[in-house]
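Heads up: the structure comes next, in structure tokens.
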There are 2 protein chains.
Amino acid sequence: MIQKRQFEDETAGKLIAAGMQLFGEFGFKGTTTRMIASEAHSNIGSIAYYFGNKRNLYLAIIRHIADRMREQFDLDMMKKGQLPEGLTQEEARLALRRIVKDMIRTFIADDEASCWLLLVMREQAHPTEAFDILYEEVFDMVYKFLGSLIAILIDIDERDTRVTLEAHTLVGQIVFFLVGRIPLLRRLENKNGYDAELIDLVEKTILSHIDFYVNNSFQSDTKVE
Amino acid sequence: MIQKRQFEDETAGKLIAAGMQLFGEFGFKGTTTRMIASEAHSNIGSIAYYFGNKRNLYLAIIRHIADRMREQFDLDMMKKGQLPEGLTQEEARLALRRIVKDMIRTFIADDEASCWLLLVMREQAHPTEAFDILYEEVFDMVYKFLGSLIAILIDIDERDTRVTLEAHTLVGQIVFFLVGRIPLLRRLENKNGYDAELIDLVEKTILSHIDFYVNNSFQSDTKVE
DNA sequence: TGCGAGTTTAATCAAATGATTATATGTTCG
DNA sequence: CGAACATATAATCATTTGATTAAACTCGCA
């Protein structure tokens, strides 16, 4: 009665992996159950067998992504230092640099993570119930975590709207190197996608925007006026 | 033989407007010809009559968007000062601030432009032939224009990869306030979308990242190492 | 008024799609 | 082995979709 779990997980897992890639690339409606079954070297009936229907498979994939992201961020962010409090500016700056490096590597260089992010982007553009899962499990935490570090850097209460906006800006910088990679790579005449050298330059570019927080700790909105 | 042009344009225009909104919201496959016809208060047969088929309507919409964007950017960027050359840092900084303000207002506050951008984002994620139109008509020019200003600000040759990366970063910051608006607004508990006060704060946030270029003119990549 | 080109509409068709079902295959245990 | 159960597969069904078609409508003009 408990046997075959391994094989069951095998097929279900292949369906999730295939669906993640295809949903990310073509969207929910653009991906057919036949495409998923074919990509997974499985059968269309197995989708119903394991997940009931197409939408339930989609939701299972979203939950899977949320788990993986939490795992990634829990390990790489929370665990290594817990929620930052009472850090010095320099400690916060270094922590933020580390996280941003991880995010860049994860989202730009890692093929599977690219699928996640593309899928998550689509879900944001037209949120369904799957969005609630992602928001509560992931987004809110990212805002909270990045915000707590940025708050230290620019010396503003972390509940201030401006802190959230800066966190959002930072995420936007990173994400757009994946979402907008096609025109960027064409502009740079880089036929073969991101190579090590380019990723390095991207990293430096985004990190410099973090260091900027320290250099002029947010006199900007008084100065700019 | 020339009469009725006005009425013809009427229907074709309504189809383009409806398609722009729906394609942006649901993607190409997620939008049915019946949805478009209904939204345009027209008939499914009119799509074939004016555009031949669904994909041709999509391409017509892409060309329409490219025209509108060029128009917008030609007027607001190129025309008012032509391609920047020999500007002082301060002039370049002010020019860049003006453009970024325009882009924020256009892409975040303007409903129709939001449709454009969402549609363009989808096209980037999975480029078809429509992408070529957008790249040649719009993207390349945006990189070129923003790059030429940023090059002056950070005092690096405008053909340097880092200049393009900074331009890309800047666009990413702006675009993500549209593409990622749902989680941002939920985080801020702003039920009613972007209000004037919030847009103002977004503007200040992004502008401060421009001013940063001047304050520390790109010693970052030597300092960071 | 009635002709005729331009335009709109509803009906229809073939292909694709999500879902279902019945059958086949394989594995475990008595 | 063979009964019982879990899983896989192919065939089938109802619906949706893009496209096509034929008929109807509009309006300028003779």
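Throughout, protein chains are lettered first and strands after them, A, B, ... in sequence-line order, and every chain is numbered starting at 1.
Rounded to an integer number of Å, the gap from CZ of A/F51 to C1' of D/dT7 is 14 Å. Between B/K54 atom NZ and D/dG18 atom P there is a gap of 4 Å when expressed in whole angstrom units. Distance, B/I36 CD1 to C/dT9 P: 16 Å, rounded to whole Å. Look at CD1 on A/I47: it is 12 Å from P on D/dA8, rounded to the nearest Å. At whole-Å resolution of the value, OH in A/Y49 and P in C/dT25 are 17 Å apart. The interatomic distance linking B/E10 (CD) with C/dG6 (C1') rounds to 16 Å, in whole Å. Atom NZ in A/K29 sits about 8 Å away from atom C1' in D/dT16, given to the nearest Å. Between the CG atom of A/N43 and the P atom of C/dT23 there is a distance of 17 Å, rounded to whole Å.
In terms of position on DNA chain D, the residue among B/T32 and B/G45 whose nearest nucleotide sits closer to the 5' end is B/T32. Of the two residues contacting DNA chain C, namely A/F28 and B/H41, the nearest-nucleotide position lying further toward the 5' end is that of B/H41.
For A/T11 and D/dA8, the shortest distance from a side-chain N or O to OP1 or OP2 is below 4.0 Å. The side chain of A/T33 places no N or O atom within less than 4.0 Å of a non-bridging phosphate oxygen (OP1 or OP2) of C/dT17.
If you check the side chains of A/Y58 and A/E123, you find a donor sitting under 3.5 Å from an acceptor.
Taking every side-chain heavy atom of B/S46 into account, C/dT9 is the closest of C/dG6, C/dG18, C/dT9. When the nucleotides D/dT20, C/dT12, C/dG18 are ranked by their closest atom to the side chain of A/R34, C/dG18 comes out on top. Comparing C/dT7, C/dA11, C/dA19 against the side chain of A/N53 picks out C/dA19 as the nearest. Taking every side-chain heavy atom of A/I44 into account, C/dA19 is the closest of D/dT7, C/dA19, D/dT20.
Between A/R162 and A/D157 no salt bridge is recorded (no basic side-chain N to carboxylate O distance below 4.0 Å). Remark: A/R63 does not engage A/D67 in a salt bridge, criterion side-chain N to carboxylate O under 4.0 Å. Salt-bridge formation is not detected for the pair A/R97/A/D102: no Lys NZ or Arg NE/NH1/NH2 atom is positioned less than 4.0 Å from an Asp or Glu carboxylate oxygen. For the pair B/E203 and B/R105, the salt-bridge criterion is met [side-chain N within less than 4.0 Å of a carboxylate O].
Checked against side-chain hydrogen bond (donor to acceptor under 3.5 Å, both in side chains), B/Q173 has no partners two or more places apart in sequence or in another chain.
Remark: aromatic rings of B/F176 and A/F176 are distant, center separation not under 6.0 Å.
Residues from residues 55-65 of chain B that place a heavy atom under 4.0 Å from any atom of DNA chain C: there are none.
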